[in-house]
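Just below is one structure, and these are the notes that go with it.
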Amino acid sequence: MARIWTVEDEEHISVLIVDVLKDMGHEVQHFWDGAELNKGLAKHPVPDLLLLDLMLRGKSGFDLLKQWKQKAETRHVPVLILSARSTENDKVKGLDLGAEDYITKPFSIRELKARINAALRRVTPEALRVELGALRLEPDNRGVYVDGASVALTQQEFELLLYLAKNTGHILSRGQLLKDVWGYESETDASRTVDYHIKSLRRKLGDEAQNPRFIETVHGSGYRLKEQTA
Ligand code: CA
C-alpha cells in the first residue's frame, strides 16, 4: 500500500481516480487545487506519489510541479501528470520539469493502474538502496551497513554519507557539501562543520583518515568516497 495524493478539479475524474486508487489498496487524499495541496503538505507527511492535473484554478499544475521539485521535502516524490493537454510541447515541458510520467485524458483505468504501478516500482525501498561494495545504504529507513553490520548514524551524518555515495569517485568541496547537504544558500565559513561530521562519520564506519577505506581527504579540495569493489 502506498500513500497517493491527487490534485484534480473535475469532479467525475476525481471520483474515478480516488475509486481506482482505493481499489488498488492505496491510501488516497484528494485536493481540488494547489492551495489545498499546500495545506495538506503542512499537515501530513509527504506522499509516495502525486497525480497532478495541469489546468487548475489558481496555480497551474506546471507551477505546482516546479515548486515540488524545488523543495527538499518533496523533490523525491514522483509526480504523474494527468492532463487533457496532449501536445508534445506540454509533455516535454512536464517531463523537463521533473514529472515521472505524463498520462493524457481520457485514459483507460487499466492504463492508469499500469502507470501507477510502474512509478511505484521505481520508488520501492529496494530501488532506493545504494550498494557500494561493503557499504550499503537504505534511505527509506536510514539504515547503514558496513560488511553487513549495522551502523547508527545521525540524520546529518546519513545525509552526508548518502551524498558522498551518490557522487562516488568525485571530489566534493566543503562549500558544495554545505550547500547540497546542509542547504546553506551562500558561501559561509562553516567548513569546520563538514570536517567535524566527516571525522565522526569515519569513526562510526571504522574508517581511517590516513588509510581510508571509504572517505578520502583530497588536500586543498575536499572529500571523496572511493570507488568500491564488490
Ligand atoms: Ca483540470
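All values reported here derive from a predicted model rather than from experimental measurement. The basis for the numbers below is simple: all heavy atoms, side chains too, and nothing from hydrogens, waters or symmetry mates. Order of appearance sets the numbers: ligands from 1, and atoms from 1 within every ligand.
Salt bridge absent: R85 and D53 never bring a charged side-chain N and a carboxylate O closer than 4.0 Å. Ion pair K204/E157 flagged as a salt bridge, since at least one NZ, NE, NH1 or NH2 atom sits closer than 4.0 Å to an Asp/Glu carboxylate oxygen. Between E100 and R122 there is a salt bridge, since a side-chain N of the basic residue sits under 4.0 Å from a carboxylate O of the acidic one. Ion pair D101/R115 flagged as a salt bridge, since at least one NZ, NE, NH1 or NH2 atom sits closer than 4.0 Å to an Asp/Glu carboxylate oxygen.
The environment of CD in Q155 is crowded: more than 12 heavy-atom neighbours from other residues, nucleotides or ligands sit within 6.0 Å. For K179, the NZ atom is loosely surrounded, since the number of other residues' heavy atoms within 6.0 Å does not exceed 12.
For the Ca ion (ligand 1), protein N, O or S atoms under 3.0 Å: 3 in total.
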